[in-house]
4 protein chains.
Amino acid sequence: MGAVKSKRVPRAVREQQMLDAAVLTFARRGYRAASMDEIAELAGVSKPLVYLYLNSKEDLFNTVIRRESAALVAAVRSAVEPGAAADRQLCSGLKGFFAHTAEHPYGWAVLHQQARTHGEPFAREVAALRAEIVAFVTELLGAAAKEAGCVGELAEREVAGLAHALVGAAESLAEWANVRTDEGTSGDPEHPSAKDTAATMMNFAWMGLNQLMGGERWAPGGLVDHESGSCARR
Amino acid sequence: MGAVKSKRVPRAVREQQMLDAAVLTFARRGYRAASMDEIAELAGVSKPLVYLYLNSKEDLFNTVIRRESAALVAAVRSAVEPGAAADRQLCSGLKGFFAHTAEHPYGWAVLHQQARTHGEPFAREVAALRAEIVAFVTELLGAAAKEAGCVGELAEREVAGLAHALVGAAESLAEWANVRTDEGTSGDPEHPSAKDTAATMMNFAWMGLNQLMGGERWAPGGLVDHESGSCARR
Amino acid sequence: MGAVKSKRVPRAVREQQMLDAAVLTFARRGYRAASMDEIAELAGVSKPLVYLYLNSKEDLFNTVIRRESAALVAAVRSAVEPGAAADRQLCSGLKGFFAHTAEHPYGWAVLHQQARTHGEPFAREVAALRAEIVAFVTELLGAAAKEAGCVGELAEREVAGLAHALVGAAESLAEWANVRTDEGTSGDPEHPSAKDTAATMMNFAWMGLNQLMGGERWAPGGLVDHESGSCARR
Amino acid sequence: MGAVKSKRVPRAVREQQMLDAAVLTFARRGYRAASMDEIAELAGVSKPLVYLYLNSKEDLFNTVIRRESAALVAAVRSAVEPGAAADRQLCSGLKGFFAHTAEHPYGWAVLHQQARTHGEPFAREVAALRAEIVAFVTELLGAAAKEAGCVGELAEREVAGLAHALVGAAESLAEWANVRTDEGTSGDPEHPSAKDTAATMMNFAWMGLNQLMGGERWAPGGLVDHESGSCARR
DNA sequence: AATGAATGAGCCTTCATTCAT
DNA sequence: AATGAATGAAGGCTCATTCAT
């Protein structure tokens, strides 16, 4: 039913077919509800073969998570220009992120929705991925602060909080953009492209960060100059 | 094992005990992996009683979702002062949100992580909750734009995108704050309080929004004045 | 839901209400599928009361069987005139049988369909009922043979077989007549009345019996005179 | 415990073993009381295999009913000689029926006792079987009437009633013969053979029918000539 | 006379996993 | 390289039955 039956396929290829089937099935059903039967059928092979190659359901899920994690990280990393200014790096990273999640919705669903919700072994794997991305963002924010000549006003905890907020906002937008995309016509030129979504994120986040680095803080009733402008605004 | 065994309890009370046990179990294991046996044991009753009162696993999960949704919405709604300025409303709403999610981490986990990942019947319920919150935020942003004298510069889609980003950021921070809390000593006075987290969010988001309303946009290389300053900055 | 709730009813009455509910439920669902919950609800009482009065599901079913058996036997017995000719007795007995089964379809369903199909304890009870009726019929056939001056030509086994055939035919017609009745309008004057059905049975059976007693037998190719006409034909 | 354990059996064979076990179990316990565990054990396999091959208890029961129905119909059909006289056809059909039910008592019990008593899905299946047989008999009676030169005196309803009576009588005799058989020694040469039972039926029914076709009817007090002998008696 | 609260036991069904070829 | 045959274990759900009032 799934793939066309082609016998005698080399192992490496078969494994990828199985992983593809697994990604789709895990995304659609969730880890527990996905059955090895369904995955095997979708991959066009018998169940014992899945076990021969991937050992167990748990191993299979882990392999899936790792493959999708690696692909996402690679996409983001390859999108940024190493030497550029921090804001450009952030923007191009976001663009890469949105583009990849839009192109691999099932992989993203597995990472974002399924892997976190099914107990320790998997959650850790995805937490590591997220931590890596958050660290990357935190680094960029630090670099940006330095570029802007801002010295030490942003406490580490504050930076970490901002990075988490930024990543959460990006995740939320990724989902929103995908849903919007699904609704429109497939070739809809109106749907928010990765570039547009990245721009929205930058508009939302960067300018506020900029001001934060300038020492301004929000307070009920208006802005306050938290610390005298020891931090040059760009 | 769970609660102290107290025999012959009126139905209304037992039902709440069961729902409490269910929240905890669903949060820990996920919908599929949670067994009715475990829930019943945790509630200190036999399984048939759970079925007698809550009908089925699906009904139980739905009831849990609705109870937790209602509690969250009530917490947020009761936190905002209806007549106040938009930024104050947003801030107090966030504070209510962070406080509630911190106090009810399992309920929040069920809503945020589990309900969305387990098929149509539940996902819709939570999608409705999220839509309600996003709508609330969108409304606040619109009001803020009006207050700021900003007329029409922010396209509807842009506002919606911002609202989604904001909600996503808040969700991410809620999780982050909770984890931080869990790790520290239980009574840790250092852990980010709801007030602190709300302040972080406001700092991250509000100032950027403010500038957006002022017509400024981020662009590679620096800020640009997208439209001549037709929108007074506060 | 079932009966109107009337509290404080004397035991004898309540028991009959329960038995009525049980007859209906057992007929509709079968012994195993009928739940004590449904019976109790239909009787308008709580389950413990059913247990208090009728002890157990098995006892309840037995009580039902005995009540319905007794009613059927009484109906048949009271329909025949003790002193009449054998054929008249048989005819009026059949009339009583068809009339009673038509008036008490649920009771008849329990006896005919349910009680026989659910293991030893109940099957025996109904077998006894059937044996009683078969014995009654056998007796009538014997009397008829004697009346007809037929002496000993009908072997006992043959008579017993005929009685069984006759009873089976009557049961089958009872069902058929009831179904026919259900289909027609409730007051349908066309549907086969008990009298008509009894007549059909008599036409079907009696005349053949008559000839049997006359010594004739069926054989491929035509009738044969099994024994020289030592048995006067009426 | 049931069959001798023989591992690795092809599916088609296993399925028949399972169906055999199911027939026996359903006949002994009834549909509801029969457990899949018992059936599986009797078939010498594990429960999951039963589900793998037969899908569900309901499907299993349906498959059983259809297999046994088909076998019974085939036995009866193959017993009659198509071109023969109506009475010979009826007699040989009955012989086939009694022989088959005697050889397959459990199959017959499932059809006759269990399937009719367990709700719509199954009852319909068996009702169809019975209707087929009744139709066959009705046809034979009609043919016999024509052969006998009887024109139209037997109303359709009357014929249908007679056919039902005949089938009911046959069913009753089948059960009676089986019980008798069970009680006697297994190889008892005295127990009523299918041939004998068929003869009893023919004696019981055919001669009466013959007279009915001759226009005679039973009436209290004696026979009457319902219509002047327009119908030649054989 | 009557009931709300509660449970032990069992059944249908499914699933991850292995064996033998 | 690949599969048809088979199962131990567990989970959702229901039911007859009892306890305490």
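Below, chains carry the letters A, B, ... as their sequence lines are ordered, and counting in each starts from 1.
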Whole angstrom is fine here: how far is it from [atom1] in [X] over to [atom2] in [N]?
{"X": "B:Leu60", "N": "F:dG11", "atom1": "CG", "atom2": "P", "value": "16 Å"}
{"X": "D:Ile39", "N": "E:dC11", "atom1": "CD1", "atom2": "C1'", "value": "12 Å"}
{"X": "C:Leu54", "N": "E:dA2", "atom1": "CG", "atom2": "C1'", "value": "15 Å"}
{"X": "A:Asp37", "N": "E:dA16", "atom1": "CG", "atom2": "P", "value": "7 Å"}
{"X": "B:Phe26", "N": "F:dG11", "atom1": "CZ", "atom2": "C1'", "value": "13 Å"}
{"X": "B:Met18", "N": "E:dA5", "atom1": "CE", "atom2": "C1'", "value": "10 Å"}
{"X": "A:Lys57", "N": "E:dA16", "atom1": "NZ", "atom2": "P", "value": "4 Å"}
{"X": "C:Glu38", "N": "F:dT14", "atom1": "CD", "atom2": "C1'", "value": "13 Å"}

Test item: [X] and [Y] side chains (from C-beta on) under 4.5 Å apart, heavy atoms:
{"X": "C:Tyr53", "Y": "C:Val45", "answer": "no"}
{"X": "C:Ser69", "Y": "C:Glu125", "answer": "no"}
{"X": "A:Phe61", "Y": "A:Ile65", "answer": "yes"}
{"X": "C:Arg116", "Y": "C:Phe122", "answer": "no"}

task = Would you sort out whether B:Leu19 and B:Gln16 count as a side-chain contact (heavy atoms from CB on, under 4.5 Å), showing the intermediate values?
result = CA-CA 5 Å; B:Leu19 291 177; B:Gln16 292 307 313; 4.0 Å; yes
State which of [options] makes the closest approach to the side chain of [X].
{"X": "C:Met36", "options": "F:dT17, E:dC15, F:dG12", "result": "F:dT17"}
{"X": "D:Ser46", "options": "E:dA2, E:dT17, F:dT7", "result": "F:dT7"}
{"X": "B:Tyr51", "options": "E:dT3, F:dT14, E:dC15", "result": "F:dT14"}
{"X": "D:Val9", "options": "F:dA6, E:dT7, E:dA1", "result": "F:dA6"}
{"X": "A:Ser56", "options": "E:dT17, E:dT3, F:dT3", "result": "E:dT17"}

ask   = Taking only Watson-Crick and G-U wobble pairs with both distances under 3.5 Å, what dot-bracket line describes DNA chain E, where [ ] shows pairs that cross earlier ones and | shows pairs with another strand?
value = .||||||||||||||||||||
request  = Please report the shortest heavy-atom distance between B:Gln113 and A:Thr117, naming the atom on each side.
outcome  = O-CG2, 3.0 Å
request  = Using a 4.0 Å heavy-atom cut-off across all strands, classify D:Ala34 as base, sugar-phosphate, or nothing.
outcome  = sugar-phosphate
ask   = Cation over ring, D:Lys57 on D:Tyr31, under 6.0 Å and within 45°?
value =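 Ring-cation test returns yes.
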ask   = Going by atom types alone, do A:Gln114 and A:Arg29 pair a side-chain donor with an acceptor below 3.5 Å?
value =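 No, no side-chain donor-acceptor pair sits under 3.5 Å.
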key: From CG (B:Leu72) to NE2 (B:His112), nearest 0.5 Å   = 11.5 Å
ask   = F:dT3 base to A:Lys47 side chain: any donor-acceptor pair below 3.5 Å?
value = no
key: Ring centres under 6.0 angstrom apart (A:His104, A:Trp108)   = no
message = Looking at D:Arg32, I'd like to know whether one of its side-chain N or O atoms comes within less than 4.0 Å of OP1 or OP2 on F:dC15.
response =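 So the side chain of D:Arg32 is outside the cut-off, no N or O lying under 4.0 Å from OP1 or OP2 of F:dC15.
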With the criterion being N/O to N/O and under 3.5 Å, what pairs connect the protein with nucleotides 19-21 of chain E, and how long is each?
unit_1 : atom_1 : unit_2 : atom_2 : d
E:dC19 : O2     : D:Arg8 : NH1    : 3.0
E:dC19 : O2     : D:Arg8 : NH2    : 3.0

key: Residue met sooner reading DNA chain F from 5', once B:Tyr31 and D:Ala12 are mapped to nucleotides   = D:Ala12
query = Closest nucleotide of DNA chain F for B:Asn55 versus for A:Tyr53: which of these residues is on the 5' side?
reply =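 Upstream on the strand: A:Tyr53.
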message = Nearest heavy atom decides the nucleotide; on that basis, is C:Leu52 or B:Pro10 closer to the 5' end of DNA chain E?
response = C:Leu52
